[in-house]
Amino acid sequence: MREHPVKRLKAEERKKALLTGITGQDGSYLAELLLENGYEVWGVVRRSSTSPVARIQHLLDRVKVAQGDITDLSSMIRLVEEIQPHEVYNLAAQSFVPASWQQPILTGQATALGVTNMLEAIRFVNKRIRFYQASSSEMFGKAQEVPQTERTAFYPRSPYGVAKLYGHWITVNYRESYGLHASSGILFNHESPRRGLEFVTRKVSHGVARIALGLDEKLALGNLDARRDWGFAGDYVEAMWRMVQADQPCDYVVATGVAHSVRDLVKSAFAHVNLEWERYVEIDPKFVRPAEVEYLVGDATKARDELGWEPSVDFHTLVRMMVDHDLSLLKAQMVGASQSRLDQAASSRQPLS
């Protein structure tokens, strides 16, 4: 039991929260947390030919969705004026680090300048709105000390890290210049079964599940020696919420304090399905970053002491959770494909080959 349990809001205290990036991993978990606490939750989605709402499909009857684009200031001002939220959580970003080298301008527009647009909208409409900015451990990059704290010097090693650093410092600047209740969570790597397949943790859990089910024979990866502080996304969104509820805005490292290598991740995932990882893993140079970040591990003492936050899911539990999810997902897909073949054979009255 945590020392500071999440407060449950009474009906008459109901707040409105506006989330950018609600369709992402963190957005889906944060929306769930806010709904459990009695919030009216609004999510911002970009207008597109497809609606990428799979992660919040189960919430669509309880959340309100508004179209907007964080790279467009007028769009953000309009949304904040119309919704009049009490709290804004900015999770929107081009968040896949390797893609930031291929799309540095887009990364800068969304991950950096998008933060300014949201802060400007709040400043223009209502300075009493509380703001959360999703900063990242990638800002530390070539880490200047171990572990990293709120006082550690930044040294980003990717366009993504540079863009996140701009978003972080512009949040500090608006807090100090305009008196906004604006906080940044310097979140270390946090994963879940809802993580995208392009991220290494989900690539490993999904790849291991495919190999265990006989669907693949190999898993191609890059640098196995890179070390990260991996936690569970469901834990980390609670830290976001606690920052926004604090009397004074500030910046906090959110981490488990324990680092594991990609090799550790691979070993744990294959061990869960009783396979020897060396037989299946191949190193592919195309998955190695142009400028590698070798070792990130955070010290979340400040978040623990001031917010009463601490992680509840350890590394190996997280890995097992993700592998089990992908095993169930793939088995369901296999059953569906088999049923589809049976249906097609029945409709054509032809025997299965």
Side-chain angles (χ1 to χ4, degrees), residues 1-9 13 15 17-19 26-27 29-30 32-34 36-39 85-91 115 118-119 122 127-140 143-154 164-165 167-190 228-259 296-315:
M1 180 67 68
R2 291 177 179 167
E3 183 180 353
H4 301 271
V6 176
K7 176 185 175 184
R8 303 300 173 187
L9 297 176
E13 298 175 324
K15 297 178 182 179
L18 177 64
L19 281 61
D26 293 2
Y29 282 110
L30 180 58
E32 289 175 347
L33 175 66
L34 294 172
E36 289 172 3
N37 279 274
Y39 280 67
H86 299 89
E87 300 170 4
V88 170
Y89 296 82
N90 183 44
L91 311 181
V115 186
M118 182 55 77
L119 287 165
I122 291 172
K127 291 183 181 179
R128 293 187 301 275
I129 295 171
R130 295 191 173 199
F131 177 77
Y132 170 81
Q133 166 59 17
S135 291
S136 169
S137 61
E138 288 287 331
M139 301 186 309
F140 293 121
Q144 301 299 288
E145 65 177 353
V146 178
Q148 293 88 54
T149 73
E150 294 81 4
R151 295 180 178 275
T152 302
F154 298 118
K164 277 293 185 182
L165 186 53
H168 177 80
W169 279 119
I170 200 67
T171 300
V172 173
N173 184 260
Y174 270 65
R175 179 172 72 219
E176 296 179 350
S177 300
Y178 302 115
L180 300 185
H181 192 296
S183 298
S184 288
I186 307 174
L187 271 58
F188 281 65
N189 294 66
H190 47 290
R228 294 293 185 273
D229 185 332
W230 276 300
F232 173 50
D235 286 338
Y236 284 37
V237 298
E238 184 181 323
M240 300 176 189
W241 180 82
R242 287 174 182 264
M243 289 178 215
V244 176
Q245 310 316 306
D247 291 337
Q248 297 298 323
C250 205
D251 305 322
Y252 295 89
V253 163
V254 180
T256 70
V258 180
L296 294 176
V297 59
D299 180 352
T301 298
K302 182 179 176 182
R304 182 180 66 246
D305 291 348
E306 297 185 10
L307 303 177
W309 177 86
E310 59 185 50
S312 67
V313 178
D314 65 37
F315 173 75

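Hydrogens, waters and symmetry mates play no part in the numbers below; they use all other heavy atoms, side chains included.
Take Glu145 and apply the side chain to side chain donor-acceptor pair (under 3.5 Å) test, not counting sequence neighbours, and it matches Thr152. Residues passing the side chain to side chain donor-acceptor pair (under 3.5 Å) test with His86: none are found, sequence neighbours excluded. Shown here are the side-chain contact (heavy atoms from CB on, under 4.5 Å) partners of Thr256, two or more places apart in sequence or in another chain: Asp229, Tyr236, Val258, Pro311. Partners of Ser137 according to the side-chain contact (heavy atoms from CB on, under 4.5 Å) rule, which considers only residues two or more places apart in sequence or in another chain, are Phe140, Phe188, Asn189, Leu296. Applying the ring-ring contact (aromatic ring centres under 6.0 Å, His included) test to Phe315 and every residue at least two apart in sequence or in another chain returns Trp230, His260. For Ala233, the side-chain contact (heavy atoms from CB on, under 4.5 Å) partners at least two apart in sequence or on another chain are Gln25, Asp26, Tyr29, His190, Ser192. For Gln133, the side chain to side chain donor-acceptor pair (under 3.5 Å) test picks out Asn90, with sequence neighbours left out. Partners of Tyr132 by ring-ring contact (aromatic ring centres under 6.0 Å, His included), not counting sequence neighbours: none found. For the side chain to side chain donor-acceptor pair (under 3.5 Å) test, residues two or more places apart in sequence or in another chain that qualify with Glu306 are Tyr252.
Pairs passing the salt bridge (Lys or Arg N to Asp or Glu O under 4.0 Å) check and including a residue from residues 179-190, sequence neighbours excluded, do not occur. Listed by first then second residue, pairs satisfying salt bridge (Lys or Arg N to Asp or Glu O under 4.0 Å) with a partner in residues 170-182 read Arg175-Asp251, not counting sequence neighbours.
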Ignoring hydrogens and angles, write down the donor-acceptor pairs under 3.5 Å from the side chains of residues 167-174, residues two or more places apart or on other chains.
from, atom 1, to, atom 2, distance (Å)
His168, ND1, Ser135, OG, 3.0
Thr171, OG1, Gly167, O, 2.8
Tyr174, OH, Glu120, OE2, 2.8

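Of the inter-residue distances, the one linking Met240 atom CE with Met243 atom CE reads 7.5 Å to the nearest 0.5 angstrom.
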